[in-house]
Amino acid sequence: MHNELTIGVNLREELQKYFGHSEFRGSQEEVVKNILMGKDTFVIMPTGAGKSLCYQLPAIISEGTAVVISPLIALMKNQVDQLKGYGINAHFLNSTLNKTESNKVKKEVLSGKTKLLYVAPESLGKEENLVFFRKVNISFLAIDEAHCISEWGHDFRPEYRRIKSIAKELGELPIIALTATATLKVQQDIIRNLGMEDAKLFKSSFRRFNLFYEIRPKTNSKKQLITFINSFKGKVGVIYCSSRKKVEEIAEFLKVNGINASPYHAGMESAERIKNQEDFLHDRVNVIVATIAFGMGIDKPDVRFVIHYDAPKSLEGYYQETGRAGRDGLESKCLFFYSYADILKLEKFSKDKPVTERDNAIALLGEVTSYAESSLCRTRQLLHYFGEDLGEDCGFCDNCKNPKESFEGKDDVKLALETIQQTGQRFGIKHLVDVIRGSANQYVLSYNHNELAVYAKGKDKDAIYWTSVIRQVLINQYLEKDIEEYGVLKLTPKGESFIEKPVSIKLFKDHEYGDLSDDELPTITEKQHDKVLFDLLIQLRNKEAQKHELPPYAVFQEPSLEEMATTYPTTNTSLLTINGVGQGKAKKFGKPFIELIDKYVKENNITIFEDVLVKSTVKKSKSKIQLIQLIDRKMDLEEIAESVGSSYDDLLNEIEIICHSGTKLDIDYYVEAVVGDKEDEIYDYFMEAETDDVDEALDDLGDEFTEEEVRLVRIKFLSEVAN
Ligand code: ADP
Ligand code: ZN
């Protein structure tokens with residue numbers, strides 16, 4: 001192997017030669033050297049820091065083939081293609097290859113030219129492959145996404161547990177393990193499972209200076225979503241949802257509200273999924289709404305926001321997902337709509353899992369809750385979670401920008417720390433709080449903790465309060481988590497000296513978000529519409545009506561105009577978000593209205609989208625689509641009512657709603673059959689009338705017309721002239 005001096009000189013040249021980079025980033029060079037010296041190496045770097053190069057460069061320089069184990073089968077081809085693009089001989093082996101293809105790869109590797117071979121963990125373990133690997137001259141083993149080895153990580157893969165024994169069979173190979181997220185616990189798991197206690201650890205800071213973390217209660221979240229996205233004025237972002245169904249729903253909802261969004265989840269046709277991803281990468285769509293299946297290996301530098309619409313399952317996942325924002329270093333936002341109801345839902349999902357797995361899942365969710373509800377600096381909390389002490393607040397997160405009320409915590413911190421001391425530093429937060437508050441449960445009694453001096457000393461304050469105090473002193477390094485036993489808290493030297501000599505300490509109240517998730521559509525806001533604009537719109541409408549020789553209401557109804565005078569639509573897309581405006585109406589009448597509003601907004605310096613009226617997706621529901629289809633097939637309306645199981649009257653109501661929302665319906669065939677000769681008179685009436693009110697029409701038209709007839713003709717009329 002190489003000695004330090006010679007590799008130091010050549011490495012930069014090699015870096016330039018193969019990858020075209022002039023400098024190493026961070027600790028890359030040290031890592032490369034360490035591997036080239038044949039030593040075990042453990043790399044923890046945040047996503048985007050340049051981990052791949054850490055094993056790719058030494059693989060190219062070394063004799064033989066480096067075997068790279070990665071769970072991300074979908075990305076292997078990409079990675080290999082990229083390397084091939086640099087002129088490097090690289091291949092992959094995974095379940096996507098057929099027999100012939102994998103035999104070809106094996107032959108190529110055995111010929112000795114291949115520098116990197118990517119392998120899925122399940123392929124590594126196959127007997128036939130083992131026979132092959134024994135024949136390969138392997139330079140070293142790289143284990144990518146090494147956190148998959150730990151049950152305490154956010155992406156446990158049981159096959160990863162077999163890597164060590166397989167590696168052993170292949171001889172004592174140097175190992176490099178790499179991951180973008182690891183708590184101390186996960187780090188320890190990786191080291192133990194891979195038997196790399198002597199490995200040199202290269203850990204970079206996870207701090208991202210350009211990400212603004214914000215948490216909002218999940219109330220009125222759909223409306224908030226639109227306002228938030230619109231404030232980015234067409235820049236791109238990702239929204240994570242917890243289920244495929246939710247992904248579809250939110251994507252549809254955004255589209256209806258004029259936002260250029262596409263869904264992405266594993267349940268979609270792969271062609272469509274790939275198309276949506278490509279559209280996003282090439283800025284043809286602004287927002288991708290996705291399950292966490294989206295984003296691995298996606299390196300789009302200008303993602304300006306990442307929204308967690310539903311709660312993440314762990315802070316590891318959350319940090320990784322938010323980390324996809326602002327890769328270019330420019331300011332970007334990470335917004336999380338938090339509700340405890342979401343956490344409970346996720347807890348329920350893990351109900352049927354094996355006990356340990358379930359307990360782990362619940363513990364990870366507990367960290368998410370604690371993070372969300374805390375008033376401490378977000379960045380500081382996140383980094384603390386990954387074992388990094390920021391030492392100060394970031395000044396650039398919601399909690400830093402809007403600090404909660406603080407209070408003197410000296411006495412209570414002392415009591416909390418003493419409780420930990422007196423119970424022998426062997427317990428988790430729940431038990432500690434029970435002791436402080438004087439609970440007499442079995443557990444407390446069985447340890448005789450009711451006999452301690454601290455017992456019940458804090459009974460005047462509630463459990464939420466004490467939990468918050470303990471979490472805050474943990475972040476402030478008075479306590480540390482025991483790595484061996486999850487949840488157990490121990491005093492640090494700083495904590496011990498606090499007990500000896502307490503000092504003033506500022507604590508903050510937690511946020512109180514409430515338990516409810518309000519996923520529902522907001523009721524239309526009470527916000528007053530712009531009266532000046534409204535009058536202008538009315539004038540314009542009347543003018544346009546004359547021009548088209550139509551009654552004014554057939555152009556736009558007043559509620560639509562009021563809405564326009566509230567949300568100021570200045571584009572065709574935003575006009576379509578107005579209730580009562582469909583494609584047809586927008587096309588027929590929209591242009592002068594948009595122009596008027598645009599001029600008005602500019603002249604009066606109005607910031608649009610300050611408040612949003614949210615258009616619901618309900619009108620596109622399945623039953624409505626079905627109804628439209630049946631009408632297209634010229635089916636008898638009474639028969640339709642029967643076949644969809646509703647009354648004739650309800651059916652007409654439904655049709656009227658569809659019609660009022662701007663969809664053209666051709667019920668001519670039915671009107672002709674039912675109304676007959678009387679049609680013209682009714683039609684003419686609506687043409688002259690001031691409103692389309694049915695009762696008024698019945699009054700004016702007289703006894704010989706039935707309500708049914710009037711309603712039917714009105715539908716026809718609105719469809720023909722207004723939509
Ligand atoms: P990670 O695996 O840590 O998420 P990657 O290995 O995908 O990160 O690297 C992220 C980006 O940084 C890639 O576009 C890569 O080309 C680039 N990169 C890596 N190392 C360097 C370097 N030394 N100089 C310039 N760019 C680099
Ligand atoms: Zn902060």
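Heavy-atom basis, side chains included; hydrogens, waters and symmetry copies ignored. Here the structure is a predicted model, which is why all the values come from computation and not from measurement. Counting convention: from 1, in listed order, for ligands and their atoms alike. We count residues from 1, following the sequence as given.
Residues R161 and E159 are not paired through a salt bridge, judged by the lack of any N-O separation under 4.0 Å between the basic side chain and the carboxylate.
Here the shortest heavy-atom distance to atom 3 (O) of ligand 1, taken over K51, R327, E23, E145, belongs to K51. The residue from R12, Q16, H21, Q79 that puts a heavy atom closest to atom 16 (O) of ligand 1 is H21.
Heavy atoms of R25 approach ligand 1 to within less than 4.0 angstrom. Residue contacts with ligand 1: C54 is excluded, as none of its non-hydrogen atoms falls under 4.0 Å.
With no hydrogens or angles considered, a side-chain donor-acceptor pair links E408 and S504 at under 3.5 Å. With no hydrogens or angles considered, no side-chain donor-acceptor pair links S139 and E63 at under 3.5 Å.
The six-membered or imidazole ring of F232 lies near that of F228, with a centre-to-centre distance under 6.0 Å. In this structure, F209 has its ring center at least 6.0 angstrom away from the ring center of F396.
Using a 4.0 Å cut-off between heavy atoms, M45 makes no contact with ligand 1 at all. Neither the backbone nor the side chain of F19 comes within 4.0 Å of ligand 1, counting heavy atoms alone. Using a 4.0 Å cut-off between heavy atoms, P46 contacts ligand 1 through its backbone alone, with no side-chain atom that close.
Ligand 1 places these atoms under 4.0 Å from at least one heavy atom of F24: 23 (N). Those atoms of ligand 1 with a heavy atom of L53 less than 4.0 angstrom away are 20 (N). Shown in contact with S52 at under 4.0 Å from a heavy atom are these atoms of ligand 1, numbered in order with element: 2 (O), 5 (P), 6 (O), 7 (O).
The line from NZ of K77 to OG1 of T96 is 9.0 Å long, rounded to the nearest 0.5 Å.
Around the Zn ion (ligand 2), the protein contributes the following N, O or S atoms at distances under 2.8 Å: C377 SG, C394 SG, C397 SG, C400 SG.
Remark: side-chain polar atoms of N399 are paired, donor with acceptor, to backbone N or O of L376 under 3.5 angstrom. Put simply, the side chain of D144 never gets that close to the backbone of T179: no donor and acceptor are under 3.5 Å apart.
Relative to the ring axis of Y309, K218 places its NZ or CZ within 45° and under 6.0 Å from the centre.
For atom 13 (C) of ligand 1, the closest non-hydrogen atom of the protein is D299 OD2, 4.0 Å. Among all protein heavy atoms, the one lying closest to atom 20 (N) of ligand 1 is Q28 NE2, 2.9 Å. Of all protein heavy atoms, the one closest to atom 4 (O) of ligand 1 is G48 N, 2.6 Å.
Contacts of E197 classified as side chain to side chain contact (heavy atoms under 4.5 Å, CB included), with partners at least two apart in sequence or in another chain: I191, R192.
Residue pairs that meet the ring pair (Phe, Tyr, Trp, His ring centres under 6.0 Å) test with at least one member in residues 60-83, sequence neighbours left out, do not exist here. For residues 183-208, the set of pairs meeting the ring pair (Phe, Tyr, Trp, His ring centres under 6.0 Å) definition, not counting sequence neighbours, comprises F206-F386.
In terms of polar-atom proximity, defined here as any N/O pair under 3.5 Å, G50 does make such a contact with ligand 1.
Residue Y318 forms a ring-ring contact (aromatic ring centres under 6.0 Å, His included) with just one option from Y385, F336, Y338, and that option is F336.
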